[in-house]
Each structure stands twice: as C-alpha cells, then as structure tokens.
Amino acid sequence: MWWFIPAIVATVAWGTADLFYKKGADPADKYSYLKTVIMVGLVMGLHAVYVLLVEGIQYDPSYLIKYLPVSFFYIVSMAVGYAGLRFLELSISSPVQNSSGAIAGLLTFIFLGQTMTSIQFWAVALITVGVILLGVFEHQLAEKERLENKEVVDRKYKYGALALIFPLLYALLDSLGTFADAWFFDFYAPVDDGTLEMQANLSYEFTWLLVAVIAFVYVVMIKKQSFKFKDQKDRGLAAVFETLGQFFYVYAISSNAVVVAPMISAYSVVSVILSRIFLKEKLTTKQYLAITAIIIGIIFLSIE
C-alpha cells in the first residue's frame with residue numbers, strides 16, 4: 001500500500017495544476033497552449049538540473065531513449081489537452097478525457113496481467129463512474145449557464161469534430177502513455193538498481209525541456225509572438241504543480257498501475273473543488289454526489 005500516498009499527492013497536485021491551466025488558457029491566443037508547453041518544460045528542466053546538481057543523483061542518459069515512447073505519449077497528450085482548453089467549456093471533453101484512466105487500467109490488466117482485489121475493483125469502478133459522471137454534470141451545468149446568459153455557440157464547436165477531437169486524442173494518447181509507463185517498469189525492474197523511478201522521471205523532464213526549447217523557438221523566433229515571463233504566472237504555477245505531481249506519479253505507477261491509473265484520473269475532483277473555491281464556479285447536487293462517490297472509492301482503496 002506504499003503506492004497510495006504518492007498517488008494521492010499526484011492527484012492533488014495535478015488537480016491544482018488543472019486549476020491554473022484553466023486560468024492561464026487564453027481562447028483569443030492560438031499560441032496559448034504552446035506558451036504553456038514552454039513553461040512546463042522549463043520548470044521540469046530546472047527541477048531535473050536541480051536533482052542532478054544538488055541531490056547528486058547519477059543519471060544514465062540511455063534512459064532518455066528507453067523512456068522516450070512513454071514521454072512521447074504523455075507530452076503529446078498534454079499538448080493536445082492544452083490546445084483543447086480553448087474549447088473545453090464548449091464540448092463534452094471532460095468526461096471523455098477522464099476516461100483515459102479506466103482505459104489504461106484495462107490495458108494493463110489485459111496485456112500486462114496486473115490484477116486487483118475485489119474491493120479494489122469495485123472502488124476503481126466507483127471512481128471511474130464518478131469521474132465520468134462529474135464531467136457530464138459539468139457539461140450540463142455549462143449548457144444551462146449559456147442558455148441563461150443567452151450565449152450563442154458555434155455548432156461546430158459544440159457538436160462537431162473540432163469539439164471532440166481534442167478530448168478523444170487526449171484520452172487515447174494518455175492511456176497509451178500510462179500503459180507504456182507500466183510496461184517500462186515491468187520490463188526494466190529486473191535490472192533496477194533502486195533508481196529506476198528517478199531515471200524515468202529525469203528522462204521525462206529532460207524530454208520536456210527539449211520540447212519547450214523547440215516550442216520557444218517556434219513561437220518567439222519564428223512566429224514573432226510576445227512571451228514575457230511576468231505574464232506567465234498562472235502557467236508557471238500550473239507547471240510547478242505538474243512537475244510535483246509527475247515526481248510522485250512515477251513512484252505510484254511503478255508499483256500498481258492497474259489501480260493507480262483510474263484513481264489518479266480523479267484529479268478532476270480536486271480541480272472542480274478548487275474551481276468552486278477560487279473561480280467561484282457553481283456546483284450542483286449531482287456534482288456533489290459524484291464527488292462523494294469518488295472520495296468513497298478512494299477511501300476504500302486506502303484501507304484495502
């Protein structure tokens with residue numbers, strides 16, 4: 001059960017990051033998501049350098065290649081998610097995206113043979129259903145508010161492929177990344193010298209740094225877009241919490257991916273609660289019930 005605490009920390013950290021992602025998203029700026037990519041890569045890169053220089057961790061550069069398939073799926077899925085924030089409130093993206101944890105858990109069960117107890121199964125089922133319903137209820141509330149405010153939404157954003165392509169791609173890529181992560185730790189565990197999680201995390205962070213450099217060159221040097229650090233407060237805070245969550249996530253996923261993947265998808269609960277507190281977003285009775293179901297599921301996992 002030692003994986004439970006890192007999983008909880010990752011869930012809370014990523015839920016907090018989601019709040020700042022929402023605050024930092026600029027629908028009017030088509031390069032907004034790339035600016036978020038730059039900040040996330042910068043913070044992750046700085047953390048990696050800190051670990052190497054201050055904590056004296058011995059890093060094997062070969063893991064940069066070994067972990068690259070995992071990094072690829074995660075980073076691309078996150079970039080797609082950032083881009084989708086421009087359309088998030090206009091689509092049903094939340095319940096679709098949050099299904100990635102259940103998909104990843106299913107993949108690890110089928111292809112890696114990972115199993116869970118009966119209590120864990122029902123707890124994970126409760127969390128998964130709660131997360132998906134929470135997204136559905138969020139969408140219904142947004143629809144109601146738009147009607148009350150007499151907002152007119154372009155049909156292609158609300159029902160068309162553009163509204164669905166981002167959450168669908170995110171769910172697919174993120175679930176593949178989680179599955180690849182579980183496979184990585186299964187495959188390299190026999191030769192692990194006790195630092196496999198740190199090698200994986202550093203590889204991920206250095207890959208992010210490289211992607212951030214490429215994005216910076218494209219946005220600032222090629223497209224001549226303004227990028228001032230003083231304007232990146234929300235994106236910077238999102239990057240800090242993203243990095244914190246990733247650090248604890250690798251320790252959780254390396255131990256029990258079939259349970260951890262669906263559980264951590266519940267970070268949306270943290271995001272919803274924080275949005276209610278800081279962004280003054282409304283919560284309905286249905287949303288409170290979904291949140292309660294998710295919390296009950298997590299409690300059952302904690303005592304199993």
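Side-chain atoms of Gln199 come within 3.5 Å of backbone N or O of Gln58 as a donor-acceptor pair. Of the possible polar contacts, none joining the Ser255 side chain to the Tyr251 backbone as a donor-acceptor pair under 3.5 Å is found. Checking side-chain atoms of Thr128 against main-chain N and O of Ala125 turns up no donor-acceptor pair under 3.5 Å. A donor-acceptor pair under 3.5 Å links the side-chain atoms of Lys224 to the main chain of Met221, judged by distance alone.
Ion pairing between Asp26 and Lys35 fails under the 4.0 Å rule for side-chain N and carboxylate O.
Atom-to-atom distance recorded for Ile103:CD1 and Leu176:CG is 8.5 Å, nearest 0.5 angstrom. To the nearest 0.5 Å, atoms CH2 (Trp3) and CZ (Phe248) are separated by 15.5 Å. Between Lys22 atom NZ and Leu274 atom CG the span is 9.5 Å, to the nearest 0.5 Å. Distance check, rounded to the nearest 0.5 Å: CG of Leu244 to CH2 of Trp14 gives 10.0 Å. Rounding to the nearest 0.5 angstrom, the gap separating the CG atom in Leu42 from the CG atom in Leu209 is 7.5 Å. Note: Ile299 CD1 to Ile127 CD1 = 10.0 Å, rounded to the nearest 0.5 Å.
For Phe300 against Ala123, the heavy-atom pair with the smallest separation is CB-CB, 3.9 Å. For Gly41 against Ala212, the heavy-atom pair with the smallest separation is CA-CB, 3.6 Å. In terms of heavy-atom proximity, Thr11 sits nearest to Val270 at O-CG2, 4.0 Å. What you find for Gly24 and Ser32 is that their closest heavy atoms are O-OG, 3.8 Å. Of all the heavy atoms in Leu68 and Thr207, the pair that sits closest is CD1-CG2, 4.2 Å. Considering all non-hydrogen atoms of both residues, Leu126 and Gly297 come closest at CD2-N, 3.7 Å.
Residues Met263 and Phe4 meet the side-chain proximity criterion, which asks for heavy atoms closer than 4.5 Å. Within the 4.5 Å cutoff, the side chain of Gln232 has heavy atoms near those of the Phe227 side chain. Side-chain atoms of Phe73 and Met78, non-hydrogen and from C-beta on, never get closer than 4.5 Å to each other. Looking at heavy atoms from C-beta onward, Phe184 lies out of side-chain contact with Ile253 at the 4.5 angstrom threshold. Under the 4.5 Å side-chain criterion, counting only non-hydrogen atoms from C-beta, Phe179 is in contact with Phe111. In this structure, Trp183 and Leu107 have side chains that are not in contact, with every pair of non-hydrogen atoms separated by 4.5 Å or more. No side-chain heavy atom of Leu172 sits less than 4.5 Å from a side-chain heavy atom of Leu168. Side-chain contact between Phe216 and Val37: absent, with no pair of heavy atoms (C-beta onward) separated by less than 4.5 Å.
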* **Phe137 vs Leu289, side-chain contact (heavy atoms from CB on, under 4.5 Å): CA-CA, chis, key distance, verdict** => CA-CA 10 Å; Phe137 297 151; Leu289 290 174; over 6 Å; no
* Does the pair Trp208 and Glu242 meet the rule for a side-chain contact (heavy atoms from CB on, under 4.5 Å), with working shown? -> CA-CA 12 Å; Trp208 252 114; Glu242 183 69 45; over 6 Å; no
* Verify side-chain contact (heavy atoms from CB on, under 4.5 Å) between Leu34 and Tyr82, making sure each step is shown before the conclusion. => CA-CA 8 Å; Leu34 289 176; Tyr82 301 153; over 6 Å; no
* Please lay out, stage by stage, how Leu134 and Gln287 fare under the test side-chain contact (heavy atoms from CB on, under 4.5 Å). => CA-CA 6 Å; Leu134 183 61; Gln287 286 175 304; 4.0 Å; yes
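Checking Leu202, Asn201, Leu196, Val70 one by one against Val250, the side chain to side chain contact (heavy atoms under 4.5 Å, CB included) holds for a single residue, Asn201. Here the rule is side chain to side chain contact (heavy atoms under 4.5 Å, CB included) with Gln120, and of Thr115, Val259, Val258 only Val259 fits it.
Note on Ile295: it clusters hydrophobically with Val124, by side-chain heavy-atom contacts below 4.5 Å among ILVMFWY residues. Hydrophobic clustering, with ILVMFWY side chains joined whenever heavy atoms are under 4.5 angstrom apart, keeps Tyr67 apart from Ile65. When hydrophobic clusters are built by joining Ile, Leu, Val, Met, Phe, Trp and Tyr residues whose side-chain heavy atoms come closer than 4.5 Å, directly or via intermediates, Tyr267 is grouped together with Ile277. Note on Tyr218: it clusters hydrophobically with Tyr33, by side-chain heavy-atom contacts below 4.5 Å among ILVMFWY residues. Cluster membership for Tyr21 and Val43, using ILVMFWY side-chain heavy atoms within less than 4.5 angstrom, is not shared.
Checking Ser203 against Tyr59 by side-chain atom types alone, a donor-acceptor pair falls below 3.5 Å.
Both tests pass for Lys66 against the ring of Tyr63: distance under 6.0 Å to the centre and angle within 45° of the axis.
Within a 6.0 Å sphere centred on CZ of Phe72, other residues, nucleotides and ligands contribute 12 heavy atoms or fewer.
In this structure, the ring of Phe206 has its center no less than 6.0 angstrom from the ring center of Tyr204.
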